[in-house]
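What follows is one structure encoded as structure tokens, with my remarks underneath.
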Amino acid sequence: MDKSYSSTTESDIYQSWEKSGAFTPKIDKSKKPYSIILPLPNANDPMHMGHALFTIQDILIRYHRMLGEPTLWLPGGDHAGIETQFVFEKKLQKDGKSRFDFDRQTLYSLIWDFVEKNRTLNQFQMKKLGFSMDWSRYHYSLESPIVDNVLATFRKLYDDGLIYRDEKIVNYCTFCGTAFSNLEVVHKNVDSHLWYIKYGPLTVATTRPETMLGDTAIAVNPKDERYKKLIGQKILLPLVNREIPVIGEESVDIEFGTGAVKVTPSHSPEDYDMAKKHDLEFIRIFDYDGKSNQNVPEKYRGLFPNQIRQLVIDDLTTAGLMEKIEDYSHEVGHCYRCGRPIEPITAPQWYIKMESLAKPAIAAAKNGDVKFFPSRFKKTYIDWMENIRDWNISRQIVWGPQIPVWYCLDCNPQIKINFLDKDKNIVSGFYKNIKDKYSIEEIKSGLQSLVAPVDASFVVDKFDNCPKCHSGALIQETDTFDTWFLSGQWPINTLGFNPKDSSKSSPDFSYFYPTTVMDTLWDILFFWVARMIMFGLYLTKDVPFKTVHLHSRVVDSKGQKMSKSKGNVIDPLVMTEKYGTDALRMSLVYGIAPASDFVVSEDKIRAHRNFVNKIWNASRFVLMIIERFQEKNPNLKIAPLSQGGVSEERGGLNDDDKNILNNLNKIIISTTSDINRYHFGQASENLYQFFWHDFCDVYIEKAKDRGEDVVPVLLTVLINSLKLLHPIVPFVTESVYQIFKDIVHLEEPQLITASWPKAIKLK
RNA sequence: GAAUCUGUAGCUCAGUUGGUUAGAGCGCUUCAUUGACAUUGAAGAGGUCACAGGUUCGAGUCCUGUCAGAUUCACCA
């Protein structure tokens, strides 16, 4: 053995595991399976420390594999809709291009190629980190069987009356060109102003003066004596010179501002609700590109909100209508992806009714069909589920499966179409206005996007001709699914669920579903975990996993979240190169409380590199003693003590032997229970303490003064320690095991599939 | 506005259902070591466990309040 442990053998060891078939479970109906579906990483993204935390799953998987259970860890990769398109668009921007330069088919295939180039990278990286995943069951989210199932789910939801279109106010990012769900909006505090604007006889206070061009009412509290008599009257909207009514609305706070609120139903969620209640007019002044449209006076057209804001403020001031301006800070929604302010805008979108889906998902948490670890997340989950809102599943991007709905253009001439004509010029207009100039083929081949009116008729299956008017001008909805709509069905679809006839699902599905544990970061509890539970129950009548284990995020030694902008990112693969994979893995779990932040620093990794080396060198010492013994007794078989008990015939045990075997038994019991309870930090700490101090510093030091009678106990403690440590530090332990296997008698061919230790009976 | 979490050694954090002198890593001090390992060993300094009450034979651990920090959710102009 070399003088110190070298991690250069890691890839050989990994390959030998893979070749031996250890990662691929055999379905054995007499045994209970253990299964984990990997939270599918973005296929396009290199691994960061967050991904390195899959180590937790690997520990569970390796432990259960050693317990002899058929153990499946199913890996995958996500196309990651908006994330990937965003990254790709940034790349386009560098080349001086944008998404508007391409029709959607071309753009889609460009992104496809872009992802394919990178897709194998993180598979390679996961192998580097030692993850014992079953690569024969790897799935990519855009594989056609997966996508087919996702579309079938849409169809089922539609048939069950759970899908509807509506033109509500949505969170729209004009830069990304798509709507988002509430979860994807980041609220940030912004220092701004409160503008007091004179509207005829009263004054309103607003944080968004630019939206006044779309005002369709003024709201006051009916109890407010100041304005009571104005309710029902009409007021002339400044700058626009349009008459708008004064309405009475209880939700208006008399104390705030002037007690009078301008109402812009198309660009404010609260105003939208008010308008629905009071049957007000909706005037949308911003289009989906973020610029103002025909609904505003000419001088304000074609401008972005901030440009109009300045113009409006100037004009109001000139007209003497700006009463005062106060400093004011408030929460403004921002796009989680590009960071720009979200424009609330009314737009037709696709929704899922959530109430009936949430109900069984709440029950599953309450009755323990799904358990949460740590348990406090159960409350968070139930609170969210009980207040759930309908889910906007449509995204106006190209990267992802399109919603499987077709419109007949002849039945719906009001559909607005954006496309590139044969000369690559952008054409935009209602179908009725462009149908005479362009053929349906030209429109389809250059299609970028379409916007169908909220009441447009559609069919959910693909027909060659319109079932109603028999026109051949059918065109598919250009909206794609929210990524989570697909990944929410991931456990079902990767295991081979058959949506048409669940009894014809694959053997994997019937054996491994529901899976045992879902381990993921708590920040996608609502995005992902909740949706998987709802979809699982809706489609299969069974939860997708029995336990949710939520872990926390990786932070630096100062407790700060790692991010590129802070410059505190530690690249797990660089650490792997520098200190070995085992050192990284150990440092990720060592001393970490369940579900608290993971503190990672290079110092810590270095410290555990030392520990890994300690394992190596202690083994080297044991080997040396054994070889010395073998020289004297060349014919004697050397093997660890059997778990059945210690034979006194070998010359008996002295107090040191009994002591270390007692401690070994204790550590076997505590490690087993710690892993069962997800206390990996505790398990690793105890193992560290036992191996380094009890075994090396005490027992081995004393053994130096003894004869060869130490060999059986020495070997027993070492081999059992290797087994206990294997889930956490798989490479060094397997590597030592293989060396020993050639020299002493070890029954099991490799450590990865060796049996988990049990306490040894002492007489 | 609502909810949750955290506050233990210079730094980063453990401490399982309350039980004898509160632990680890890094850092610091002193010493040892050509024999598995300088990626080592031995010894040591350093904490009124945020604060104030309470329950208990006994509280870092349970309860209440205060202070400080963090996070999540939420349509307030």
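Side chains included, hydrogens not; waters and symmetry mates left out as well; all remaining heavy atoms used. Sequence lines set the chain letters: A, B, ... in the order given, protein chains first and strands last, and positions in each chain run from 1.
Remark: the A/Arg677 side chain and the B/U16 base include a donor-acceptor N/O pair separated by less than 3.5 Å.
In this structure, A/Ser670 has no side-chain hydrogen bond (donor to acceptor under 3.5 Å, both in side chains) partners at least two apart in sequence or on a different chain. Partners of A/Thr733 according to the side-chain hydrogen bond (donor to acceptor under 3.5 Å, both in side chains) rule, which considers only residues two or more places apart in sequence or in another chain, do not exist here. Residues satisfying the ring-ring contact (aromatic ring centres under 6.0 Å, His included) test with A/Phe629, not counting sequence neighbours, are none. Under the rule for a ring-ring contact (aromatic ring centres under 6.0 Å, His included), the partners of A/Tyr590 that lie at least two apart in sequence or sit in another chain are A/His608, A/Tyr688. Considering only residues two or more places apart in sequence or on other chains, A/His267 meets the ring-ring contact (aromatic ring centres under 6.0 Å, His included) condition with A/Phe286. Shown here are the side-chain hydrogen bond (donor to acceptor under 3.5 Å, both in side chains) partners of A/Asp571, two or more places apart in sequence or in another chain: there are none. Taking A/Thr346 as the reference, nothing meets the side-chain hydrogen bond (donor to acceptor under 3.5 Å, both in side chains) condition, with sequence neighbours excluded.
Of the residues in residues 206-226 of chain A, those placing a heavy atom less than 4.0 Å from an atom of RNA chain B are A/Thr206, A/Thr207, in numerical order. RNA chain B is contacted by A/Tyr590 of residues 575-590 of chain A, taking any non-hydrogen atom closer than 4.0 Å.
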Could you list the protein-to-nucleotides 40-44 of chain B atom pairs, N/O on both sides, closer than 3.5 Å?
| from | atom 1 | to | atom 2 | distance (Å) |
| --- | --- | --- | --- | --- |
| B/U40 | OP1 | A/Asn610 | ND2 | 3.3 |
| B/U40 | O3' | A/Lys614 | NZ | 3.3 |
| B/G41 | OP1 | A/Trp692 | NE1 | 2.0 |

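Nucleotides of RNA chain B nearest to A/Ala260 and A/Val185 differ in position, and the one nearer the 5' end is that of A/Val185. Nearer the 5' end of RNA chain B, as judged by each residue's closest nucleotide, is the contact made by A/Ser673, out of A/Ser673 and A/Leu183.
For residues 690-700 of chain A, the pairs satisfying side-chain hydrogen bond (donor to acceptor under 3.5 Å, both in side chains) are A/Asp657-A/Tyr699, A/His693-A/Asp697, with sequence neighbours left out. Among residue pairs with one or both ends in residues 610-629 of chain A, none qualify as salt bridge (Lys or Arg N to Asp or Glu O under 4.0 Å); sequence neighbours excluded.
The shortest distance between the side-chain N/O atoms of A/Lys704 and the OP1/OP2 oxygens of B/A36 is below 4.0 Å.
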